[in-house]
Q: 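Following this message is one structure expressed as structure tokens.
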Amino acid sequence: MNTKVNNIPMPSENEKAHSVELIINNGLPPRKSLISVITKLTENLGVKNIFSGVEDCALVALLLSIIGFFVWAGLFKSNSIQVKCPYFTLFTVTPLFYLAANILAAWKEDMAGVTELLRACKYTAAHLTALRMALFSLVNMLLVIPSAAILSIASDELEFLKLLLVSMSSLFIYSAFTAMILFKSAFKPSIILPVIWFLALGVLMSAIRIKTEEFLMNLSILTFALCMIISAVIYIILLDIFVKKGGKEYAYS
Amino acid sequence: MLTVKNVTKKFGNFTALEDINLEFISGVYGLLSPNGAGKTTLMKMLATLIFPTKGEVLYNGTEITALDEKYREILGFLPQDFGYYKSYSPVQYLEYLSALKDIKNPKKRIEELLEAVSLSDVKHKKMKKFSGGMIQRVGIAQALLNDPKILILDEPTAGLDPKERVRFRKLIESLSHDRIVILSTHIVSDIESIAKNVVMFKDHKLLYSKSPDEICAELGAANLEDAFMIVHGEESQ
């Protein structure tokens, strides 16, 4: 027997473990980004199915926003108190569609008891929530444009671009807070945030609305543009982290 | 192979499972224990819904949470409380779930599964008119949509009539040759004839993970029901 052949040095247990770890790490799937999840899910589900089961929630939110806008427009037209602080009021009510749609959708899924099931699918409840949130933001943005246009036409003192930027800043600030809360509450948009939002802004409105309005009026368009961009970037980053962390976010010990 | 390694799960001060070690290879595994013993907790961990407080769950040597969607791709899961949208038909709901499971051209598969669970006749009817047993069968069909390598069914026979339970057992038995099927129940007859291994918990610890025959022999019981009563008699009463 050739002893040289039999004396081939074998890897140690540590070397074997290291090699196995290396193979496993290389074989692990990369975490999907927000964009890839949005693209893939939209492709798979189609726009109709993205809102499966919660289409009525989106419609109710839309109806609420339209009614809200007309109520506010009526107050504006009747020269009530809101006319003195249109920017502040707009800042407060802009995310109405977004918050109503998210909360109603989460509530309905809870009621139907589908969340556990969705969390075990390849594209999970977190992916679906992130996609819906992104689309709800988009719809809210589309609602903001005609609202700002109508208001600027109704009053010569109000600038369209500034109204638009105030609204967008408000929407993205609110959205970023919503995304932040997702990490704490697994994946459900929380009811706490809208309560805090309206309570805090309501207190400001009743206590120092004129000062706040003046403060907002004195801010330049550039400031609002920056505010909008920063909050939008934070929002997108938070949604992206939420999607990439995948399963880890659902489990709560 | 699915491995549960030194797993403990606590909810605050309450220990739901303590130092559990299990290995699952292909075949049917029946989790047989009274309510509150930790079956659902274990199943939720295997389905990545909750994480162990201590220990790990591995699939072929890799943490299941690290595998992320690769693991969920091969997972079929029926939760204890199967949720659904009442205004949807089984076909609509299964198509929706197929998209979330990334299944291409699912129509044929959906037809086959609805046939297998005897729901073909009502496949376009709204589920709000369905009985509990029919809803459960939709749940079983959805768990099988992606032809999973790991099938986790939490009390799948709840609400099924005796005829459907027999049909379900046959379906599971036919599926179990090349996949891991883990089903929890507190009805002994659900698993007695089909389970390769029966997993029993007592006081939130693993008591047995053995074949029904081995458990019966060890306890000197005539059948699995007797064995169950020997172990859990007082708790079950």
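Chain A is the first sequence line, chain B the second, and so forth, proteins listed ahead of strands; every chain is numbered from 1.
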Q: Can you tell which part of B:Q142 gets under 4.5 Å to a heavy atom of chain A, answering side chain, backbone, both or neither?
A: side chain
Q: Checking heavy atoms, do the side chain of B:D81, its backbone, both or neither come under 4.5 Å from chain A?
A: backbone
Q: What part of B:Y88 gets within 4.5 angstrom of chain A, counting heavy atoms only: side chain, backbone, both, or neither?
A: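 The answer is the side chain of B:Y88.
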Q: Pick one of side chain, backbone, both or neither for B:Y71, based on which atoms fall under 4.5 Å of a heavy atom in chain A.
A: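 Answer is neither: B:Y71 stays 4.5 Å or more from chain A.
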Q: Would you call the rings of A:Y174 and A:Y98 parallel, tilted or perpendicular if under 30° counts as parallel and over 60° as perpendicular?
A: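 The rings of A:Y174 and A:Y98 stand perpendicular, inter-plane angle above 60°.
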Q: Take the angle between the ring planes of A:F97 and A:F136 and call it parallel below 30°, perpendicular above 60°, tilted in between.
A: perpendicular
Q: For the residue pair A:A130 and A:L239, what are the closest heavy atoms and their distance?
A: O-CD1, 4.0 Å
Q: Does any backbone or side-chain atom of B:K86 lie under 4.5 Å from a heavy atom of chain A? Answer side chain, backbone, both or neither.
A: neither
Q: Parallel under 30°, tilted from 30 to 60°, perpendicular over 60°: which one fits the rings of B:F82 and B:Y93?
A: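 Tilted.
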Q: In this structure, are over 12 heavy atoms from other groups packed under 6.0 Å from A:W107 atom CH2?
A: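 No, because the 6.0 Å sphere around CH2 of A:W107 holds 12 heavy atoms or fewer from other groups.
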